[in-house]
Visitor: 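Dropping a structure here in structure tokens format, bear with me for questions.
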Amino acid sequence: MTRKKSLNQAQETNTKRPARLEIKNTKTTNVVKSEANGRKRSTNIKRTVETPPLNYDLSSLIDAPVFHPDEKEFNDPIEYLEKIQHECERFGICRIVPPASFKPECQVADGMRFTANNQYVHRMFRRRGTNSCILEAIHRHLRELNINYQPPPCIGGIEVDLPGLYEAVQDLGGPGHVLENNLWSKVADTLKIPQGAHDRFSKLDSIYCKYLLPYATLSDEERKKLMHKIESQKNRHLTDDEDENECVVKGSSMPLSTFYRIARNTLSVWFPNTNSSATDASDLDPAQVEAAYWKLVTKRVAHVRVHSGNIDSGQSGYGFPCNKTSRHPWNLKVLTNNNGSVLRSLGPVPGCTVPTLHVSMLFSASCWYRDPHGLPWIDYLHTGADKIWYGVPSLQESVLHQAMNKLVPDLVKGDKSVWLSSDTVMVPPTMLADQKVSLSRTIQKSGQFVVVWPRAFTSSLSTGYSVSESVCFAPMDWLPIGDACFKELRINNEPTVFSLQQLLWSIAHDSRSTVNVLKRVLPILKPDVDEEIQLRSSLRDFGVQQWRKLPVTSEPSSKDGKKRRQTSVTDDGEMECEICQASLFFSRAECHSKADSPVTWCLMHALKKIKDHPRVTQHIRVFYVHDEAELRKTVQSLQDHIKSKALRRAPAHHRSSTL
């Protein structure tokens with residue numbers, strides 16, 4: 001059978017297929033859950049916004065400060081960071097170049113597996129580009145023919161730009177002309193298909209026949225009707241595929257070796273003349289990569305997908321070594337237990353006190369975001385290509401908010417405390433600078449740290465394959481910041497990674513806590529304890545009779561003999577209030593009014609439910625770890641300890657003042 005005949009048969013077969021296809025959508029963990037009935041959802045687009053011209057002048061960006069500590073200054077990271085904090089906070093970020101003697105190992109393995117994130121570069125700024133409607137039309141027609149297009153077609157790990165492939169074949173005279181004249185090599189070059197990819201010509205032929213031939217053989221009138229449906233759906237703010245309105249979506253599991261191969265191919269596609277490998281982009285000027293990236297982001301004329309990965313280093317042991325041979329204080333697995341960080345009392349929390357390993361490739365980005373708890377954090381680039389960072393300090397939040405609301409209003413969440421979700425948007429820094437936002441920029445090289453200060457907004461861009469590691473830390477000055485952040489999160493019904501009450505309670509019972517830290521803890525913990533006792537009393541007054549005290553246990557002692565964390569009401573499973581999303585520590589209320597799983601509330605919202613619906617009282621059970629006497633005793637012990645320390649210091653102070 002000739003290939004020309006098979007094309008005709010494929011056309012005939014595809015037009016006879018049934019007109020219904022159900023697609024399973026994959027989403028990142030921070031995407032809001034879709035409705036259980038699978039109905040189309042609104043994308044909440046506010047209005048059409050014109051894209052400003054891209055300003056390539058980086059002189060409007062401020063250079064973030066760079067520090068070169070000597071061996072002595074490099075002894076204690078928290079002490080050093082507190083020393084430079086005042087100078088750096090107005091920039092949002094800073095870069096630290098360690099002494100030459102700091103050369104830690106980076107433990108990774110080609111076979112280590114992780115779930116990659118798919119990043120769609122053309123959706124990073126505005127979701128709909130010039131080829132978006134064509135792609136939606138192709139997808140809609142494939143669904144009508146019951147042809148599955150998930151996972152999307154790839155060659156050499158690079159996702160094929162279907163609208164680009166359709167246009168390239170049409171420009172060369174159509175599929176028949178391309179086949180008869182063997183023009184797939186020209187098509188491959190037009191689409192920047194990696195030259196080293198196995199069977200790239202035959203794969204392009206197969207991909208075109210399966211995914212594009214049905215669309216290409218539609219009449220002009222049929223294509224117009226299809227596009228009319230797409231535009232009508234767009235005007236009603238509906239979408240068939242949720243992932244098409246996200247710029248970062250959950251991808252597939254892959255080993256590091258596969259990720260590296262795709263990174264190498266991606267580099268060869270966009271910078272074919274460079275002498276660099278995937279692991280060394282030193283021949284590339286970061287500004288060159290930067291300009292190419294922002295052009296792709298703002299022009300949105302090509303369908304471009306890259307990958308990134310985030311790996312919990314506590315589970316795998318990768319990144320910084322965690323054995324006895326590496327106890328350097330700047331090892332992030334050691335830094336998390338530094339005496340100067342109050343987070344050490346919290347114990348291991350993935351994504352917070354447990355370092356996260358990050359793998360990136362060319363054009364991998366971390367979208368504009370800030371830690372919702374106001375925590376500072378630190379990133380170390382183990383190996384690979386440079387990473388470009390942008391920072392906006394906390395004091396510029398209102399200006400940034402106003403600029404984002406003007407440039408990407410459909411992606412800003414009103415006046416909520418977390419008004420910009422993670423993995424949401426990459427706005428060019430020069431556009432923000434044009435809106436009077438004060439930004440800083442720095443280029444992180446292998447072997448260097450970048451520090452992000454409390455409540456600062458950041459984004460970053462990788463210029464090639466790299467492996468980095470990050471972790472949060474918190475000097476005692478963070479405690480009032482954290483208190484304000486957690487209150488904002490609760491008011492706005494936003495979830496938290498950990499319970500602030502649990503942290504405060506752990507610090508109060510940690511024998512290593514200094515009196516200065518306890519002085520910061522007491523004015524935050526005492527109101528929480530008072531509120532807890534008052535809420536329990538009110539629930540009893542309203543008739544709640546089912547109360548259960550949970551056993552108090554501790555995690556196994558560490559090698560230094562100290563117990564790290566006491567049990568909370570969440571230890572039998574992650575518990576959050578169904579209403580305010582607060583992580584529950586002191587207590588939780590469960591409503592067992594239905595046959596299915598009980599509804600969990602914090603005591604404040606349980607009391608509100610009872611006031612609104614008195615009948616639920618008989619169905620509520622309250623679980624707690626510490627009774628009121630134990631709560632009061634902890635506060636009193638804190639007060640007594642602080643007072644006794646003050647009395648001991650007073651005579652010494654008096655003697656020195658009389659000399």
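Nothing fancy with the numbering, it's 1 onward along the sequence.
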Visitor: Give a yes or no on whether E167 atom CD has more than 12 heavy-atom contacts from other residues, nucleotides or ligands under 6.0 Å away.
Guide: no

Visitor: Any side-chain heavy atom of D171 within less than 4.5 Å of one from T190?
Guide: no

Visitor: Any luck finding a side-chain donor-acceptor pair between D379 and Q444 under 3.5 Å?
Guide: yes

Visitor: What are the two closest non-hydrogen atoms of G391 and I93, and how far apart are they?
Guide: N-CD1, 3.8 Å

Visitor: For N55 and T430, work out which heavy atoms get closest and say how close.
Guide: O-OG1, 2.7 Å

Visitor: Give every donor-acceptor pair under 3.5 Å between a side-chain atom in residues 288-297 and any protein atom, sequence neighbours left out.
Guide:
from: E290; atom 1: OE1; to: R441; atom 2: NE; distance (Å): 3.4
from: E290; atom 1: OE1; to: R441; atom 2: NH2; distance (Å): 2.7
from: E290; atom 1: OE2; to: Y390; atom 2: OH; distance (Å): 2.4
from: E290; atom 1: OE2; to: R441; atom 2: NE; distance (Å): 3.0
from: W294; atom 1: NE1; to: Y390; atom 2: OH; distance (Å): 3.2

Visitor: In Å and rounded to the nearest 0.5 Å, what is the CG to OG distance from L61 to S440?
Guide: 8.5 Å

Visitor: Tell me if a side-chain donor or acceptor on R305 pairs with a main-chain N or O of N118 at a distance below 3.5 Å.
Guide: no

Visitor: Looking only at side-chain N and O atoms, does S470 offer a donor or acceptor that is under 3.5 Å from a partner on H358?
Guide: yes

Visitor: Hey, what do you get for CD (E469) to SG (C106), rounding to the nearest 0.5 Å?
Guide: 7.5 Å

Visitor: Which atoms form the tightest heavy-atom contact between R261 and G157, and what is the distance?
Guide: NH1-N, 4.2 Å

Visitor: Under 4.5 Å between any side-chain heavy atoms of I62 and L439, yes or no?
Guide: no

Visitor: Between the side chain of K203 and the main-chain N/O of H198, is any donor-acceptor distance below 3.5 Å?
Guide: yes

Visitor: Could you verify whether a donor N or O on one side chain and an acceptor N or O on the other, from K387 and S360, lie under 3.5 Å apart?
Guide: no

Visitor: May I ask you to decide whether D63 forms a salt bridge with R95, counting only side-chain N to carboxylate O separations under 4.0 Å?
Guide: no

Visitor: Would you confirm whether Q402, through its side chain, and V399, through its main-chain N or O, come within 3.5 Å as a donor-acceptor pair?
Guide: no

Visitor: Under the side chain to side chain contact (heavy atoms under 4.5 Å, CB included) rule, what do I158 and V304 come out as? Steps first, then yes or no, please.
Guide: CA-CA 8 Å; I158 308 295; V304 183; over 6 Å; no

Visitor: Take S219 and E222 through the side chain to side chain contact (heavy atoms under 4.5 Å, CB included) test and state the conclusion after the steps.
Guide: CA-CA 5 Å; S219 67; E222 288 173 321; 3.2 Å; yes

Visitor: Tell me, with the steps shown, if M404 and V437 meet side chain to side chain contact (heavy atoms under 4.5 Å, CB included).
Guide: CA-CA 10 Å; M404 289 287 195; V437 179; over 6 Å; no

Visitor: Is it possible for you to check whether R223 lies under 6.0 Å from the centre of the six-membered ring of Y215, through NZ or CZ, and within 45° of that ring's axis?
Guide: yes

Visitor: Quick check: does any side chain N or O of D57 sit under 3.5 Å from a backbone N or O of S59, one acting as donor and the other as acceptor?
Guide: yes

Visitor: Drop me the distance from H141's NE2 to L212's CG, to the nearest 0.5 angstrom.
Guide: 10.5 Å

Visitor: Can you tell me if S313 uses its side chain to pair, donor with acceptor, with the backbone of L357 under 3.5 Å?
Guide: no

Visitor: Checking side-chain polar atoms at under 3.5 Å, does R300 have a donor or acceptor matched by the opposite partner on T51?
Guide: yes

Visitor: Could you pull out the closest heavy-atom pair between H303 and V160, with the gap in Å?
Guide: CD2-O, 4.4 Å

Visitor: Going by an N to O cut-off under 4.0 Å, is there a salt bridge joining E494 and K416?
Guide: yes

Visitor: Mind checking whether Y149 and H139 have parallel, tilted or perpendicular rings, split at 30° and 60°?
Guide: parallel

Visitor: Please identify which of these residues, W368, W419, F457, meets the ring-ring contact (aromatic ring centres under 6.0 Å, His included) condition with H401.
Guide: W419

Visitor: Can a donor-acceptor pair be found, under 3.5 Å and without considering hydrogens, that links the side chain of S462 to the backbone of F363?
Guide: no

Visitor: Taking R140 for its side chain and I138 for its backbone only, find out whether a donor-acceptor pair lies under 3.5 Å.
Guide: no

Visitor: Using side-chain heavy atoms (C-beta onward) and a distance below 4.5 Å, is Q119 in contact with H307?
Guide: no

Visitor: For residues S446 and T383, report the shortest heavy-atom separation together with the two atoms involved.
Guide: OG-CA, 3.5 Å

Visitor: Could you state the interatomic distance from OG1 (T356) to CH2 (W377), rounded to the nearest 0.5 Å?
Guide: 10.0 Å

Visitor: For I207 and C154, which heavy atoms make the closest approach, and how far apart are they?
Guide: CD1-O, 4.5 Å

Visitor: Evaluate side chain to side chain contact (heavy atoms under 4.5 Å, CB included) for V66 paired with V97, printing each intermediate quantity in order.
Guide: CA-CA 7 Å; V66 183; V97 181; 3.9 Å; yes

Visitor: Keeping the roles fixed (side chain from R126, backbone from L407), state whether a donor-acceptor pair exists under 3.5 Å.
Guide: yes

Visitor: Using side-chain heavy atoms (C-beta onward) and a distance below 4.5 Å, is L256 in contact with V359?
Guide: yes

Visitor: For the residue pair L362 and V306, establish whether any side-chain heavy-atom pair is separated by less than 4.5 Å.
Guide: no

Visitor: To the closest 0.5 Å, what do you measure between CG (L54) and OG1 (T298)?
Guide: 4.5 Å

Visitor: Can you check whether R264 reaches Y465 side chain to side chain, under 4.5 Å on heavy atoms?
Guide: no

Visitor: Once you round to the nearest 0.5 Å, how far does OG1 of T258 lie from CZ of F114?
Guide: 8.5 Å

Visitor: Does R113 have any salt bridge (charged side-chain N to carboxylate O under 4.0 Å, His left out) partners at least two apart in sequence or in another chain, and if so, which?
Guide: none

Visitor: Mark yes or no for whether Q448, through its side chain, and K445, through its backbone, hold a donor-acceptor pair below 3.5 Å.
Guide: yes

Visitor: Would you mind telling me which of V169, V178, L179 makes a side-chain contact (heavy atoms from CB on, under 4.5 Å) with Y208?
Guide: V169

Visitor: In the structure I gave you, are the side-chain heavy atoms of N117 and V249 within less than 4.5 Å of one another anywhere?
Guide: no

Visitor: Between S421 (side chain only) and T424 (backbone N and O only), is there a donor and an acceptor less than 3.5 Å apart?
Guide: no

Visitor: Could you check if a side-chain atom of S459 sits within less than 4.5 angstrom of a side-chain atom of C367, using non-hydrogen atoms only?
Guide: no

